[in-house]
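Heavy-atom basis, side chains included; hydrogens, waters and symmetry copies ignored.
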Amino acid sequence: MKKNKINVDLLLKNERSTIDRLDSIIMNALMERFAVTNKIGLIKAKNDIETYDSDRESEQIKKLEKMVKDSDLDIDFVKKIMKLITSESKNRHKKLKEKK
């Protein structure tokens with residue numbers, strides 16, 4: 001029984017290491033994404049363009065639906081994540097617009 005416990009612990013350690021690596025990738029991708037959306041926010045602020053683009057947001061949701069269609073990801077979960085990310089982007093854009 002002890003040998004099996006060691007094997008399970010090792011398997012968990014390996015899988016958690018993978019999760020840690022993936023979390024780093026996700027965080028780095030978010031940092032890069034927000035750096036780009038800040039640039040977009042500056043462009044919008046300088047050119048007096050509305051922060052919200054409903055057509056763009058709808059387009060992105062359709063792309064995500066296609067992307068996750070054949071996966072085990074729940075599309076409602078994906079939409080919630082994207083809504084959170086886009087809400088943060090819009091908030092940042094508004095703040096940049098207020099600064100100008």
Inter-residue atom distance [X].[atom1] - [Y].[atom2], 0.5 Å rounding:
X: Ile81; Y: Ile26; atom1: CD1; atom2: CD1; value: 8.0 Å
X: Glu59; Y: Ser54; atom1: CD; atom2: OG; value: 10.5 Å
X: Lys39; Y: Thr37; atom1: NZ; atom2: OG1; value: 10.5 Å

Is the shortest side-chain heavy-atom distance between [X] and [Y] below 4.5 Å?
X: Leu84; Y: Lys80; value: no
X: Ile85; Y: Phe34; value: yes
X: Met67; Y: Leu64; value: yes

Assess whether salt bridge (Lys or Arg N to Asp or Glu O under 4.0 Å) is satisfied between Arg92 and Glu88, documenting all intermediate values.
CA-CA 6 Å; Arg92 288 168 174 245; Glu88 177 63 17; 3.1 Å; yes

For Ile49, is there any backbone N or O sitting under 3.5 Å from a side-chain donor or acceptor partner on Lys44?
no

Test item: His93 side-chain N/O and Tyr52 main-chain N/O as donor-acceptor pair under 3.5 Å:
no

Using every non-hydrogen atom in the two residues, find where Leu96 and Asn38 come nearest and quote the distance to one decimal.
CD1-O, 3.5 Å

Per the side-chain hydrogen bond (donor to acceptor under 3.5 Å, both in side chains) rule, what does the pair list look like for residues 15-28, sequence neighbours excluded?
none

For residues 68-79, the side-chain hydrogen bond (donor to acceptor under 3.5 Å, both in side chains) pairs (sequence neighbours left out) are Glu65-Lys79

Is there a chain of hydrophobic side chains (I, L, V, M, F, W, Y, each step under 4.5 Å between heavy atoms) that links Leu30 to Leu73?
yes

Hydrophobic clusters here meaning ILVMFWY residues chained together by side-chain heavy-atom distances under 4.5 Å, can you tell me if Met27 and Val78 are in one?
yes

Apply side-chain hydrogen bond (donor to acceptor under 3.5 Å, both in side chains) to Lys90 and list each qualifying residue two or more places apart in sequence or on a separate chain.
Glu57

